[in-house]
J.: 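Let me begin by handing over the structure; questions about it come next.
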Amino acid sequence: QVQLVESGGGLVQAGGSLRLSCAASARTFSTYAMGWFRQAPGKEREFVAAISRGGSRQSYADSVSGRFTISRDNAKNTVYLQMNSLKPEDTAVYYCAARNIAAVPTTGSAYDYWGQGTQVTVSS
């Protein structure tokens with residue numbers, strides 16, 4: 001069982017930045033691909049970014065490419081999402097997810113473990 005705890009959400013003005021963190025309890029964190037997803041009120045959950053177990057491969061949704069950066073520190077069992085140039089449409093609850101796999105999944109159904117989420121609100 002893997003427990004994931006997100007942090008770093010909050011209220012920020014449009015154009016600002018936030019860095020989300022996701023701490024994992026897995027003893028073998030380095031064997032897990034990690035992903036970030038988000039869900040806005042009244043909308044379906046959507047893929048944001050994902051990173052391979054070693055960190056060498058990343059994947060991004062078109063809507064965040066060039067603005068968001070996913071990274072990980074396997075020594076700290078933590079994955080990050082640096083969010084720059086935030087827009088009001090980025091407002092959502094952000095979730096991290098994990099799966100013990102070599103690939104870099106971009107669909108939610110491919111992940112086995114999920115955090116509780118952290119709220120990000122971008123004001124205009």
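Count residues from 1 along the sequence.
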J.: Shared ILVMFWY cluster between Leu20 and Tyr80, side chains joined below 4.5 angstrom?
T.: no

J.: Return the minimal non-hydrogen interatomic distance between Tyr60 and Thr69, and the atom names on each side.
T.: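 It is OH-CA, 3.4 Å.
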
J.: Search all heavy atoms of Leu81 against all heavy atoms of Ala49 and return the closest pair with its distance.
T.: CD1-CB, 4.1 Å

J.: Please find the pair of heavy atoms, one from Pro105 and one from Ala50, that lie closest to each other, and give the distance.
T.: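 Result for this residue pair: O-CB, 3.4 Å.
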
J.: Would you say Val2 and Val104 are hydrophobically clustered, going by side-chain heavy atoms of ILVMFWY under 4.5 Å?
T.: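 The answer is no; the residues belong to distinct hydrophobic clusters.
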
J.: Would you say the side-chain atoms of Arg27 and Asn77 include a donor-acceptor pair closer than 3.5 Å?
T.: no

J.: Do side-chain atoms of Thr31 reach the backbone of Phe29 as a donor and acceptor pair under 3.5 angstrom?
T.: no

J.: Rounded to the nearest 0.5 Å, what separates atom CG in Asn100 from atom OG in Ser30?
T.: 9.0 Å

J.: Please name the pair of heavy atoms, one in Leu4 and one in Ala24, separated by the smallest distance, quoted to 0.1 Å.
T.: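 Closest pair (atom of Leu4, atom of Ala24, distance): CD2-CB, 3.6 Å.
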
J.: Do the side chain of Tyr111 and the main chain of Thr106 share a donor and acceptor less than 3.5 angstrom apart?
T.: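 Side chain of Tyr111 to backbone of Thr106: no pair is present.
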
J.: Any side-chain to backbone donor/acceptor pair from Arg57 onto Arg53? Under 3.5 Å, distance only.
T.: no

J.: With a 3.5 Å distance limit and no angle check, can you tell me whether Arg99 reaches the backbone of Ala110 through a side-chain donor-acceptor pair?
T.: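 Here the side-chain-to-backbone pair exists.
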
J.: Give me each pair satisfying side-chain hydrogen bond (donor to acceptor under 3.5 Å, both in side chains) with a member in residues 5-25, each pair once, sequence neighbours excluded.
T.: Ser17-Asn84

J.: Please step through side chain to side chain contact (heavy atoms under 4.5 Å, CB included) for the pair Asp90 and Arg67, ending with a clear verdict.
T.: CA-CA 11 Å; Asp90 295 317; Arg67 299 188 298 123; 2.8 Å; yes

J.: Could you check whether Arg72 makes a cation-pi contact with Tyr32, meaning its NZ or CZ is under 6.0 Å from the centre of the six-membered ring and within 45° of the ring axis?
T.: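 That pair does not qualify as a cation-pi contact.
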
J.: What's the shortest heavy-atom distance between Ile70 and Gln58, and which atoms?
T.: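 Smallest interatomic distance, heavy atoms only, reads CG2-CG, 3.7 Å.
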
J.: Restricting to side-chain hydrogen bond (donor to acceptor under 3.5 Å, both in side chains), what partner residues turn up for Asp73, sequence neighbours left out?
T.: none

J.: Rounded to the nearest 0.5 Å, what's the gap from CH2 on Trp36 to CD on Glu46? Could you check?
T.: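 Result: 14.5 Å between the selected atoms.
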
J.: Which pair of non-hydrogen atoms, one from Gly8 and one from Leu18, has the smallest distance, and what is that distance?
T.: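 That closest heavy-atom pairing would be O-CD2, 3.9 Å.
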
J.: Can you tell which of Tyr94, Tyr95, Phe47 makes a ring pair (Phe, Tyr, Trp, His ring centres under 6.0 Å) with Phe37?
T.: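 Exactly one option meets the ring pair (Phe, Tyr, Trp, His ring centres under 6.0 Å) with Phe37, and it is Phe47.
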
J.: Do Val93 and Leu86 share a hydrophobic cluster (ILVMFWY, side-chain heavy atoms under 4.5 Å, transitive)?
T.: no

J.: At what distance, to the nearest 0.5 angstrom, does CE of Met34 lie from CD1 of Ile51?
T.: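 One finds 9.5 Å between CE of Met34 and CD1 of Ile51.
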
J.: So which pairs with a foot in residues 113-124 pass side-chain hydrogen bond (donor to acceptor under 3.5 Å, both in side chains), sequence neighbours left out?
T.: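 The answer is Gln119-Thr121.
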
J.: Drop me the distance from Thr91's OG1 to Arg38's CZ, to the nearest 0.5 angstrom.
T.: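 It is 9.0 Å, given to the nearest 0.5 Å.
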
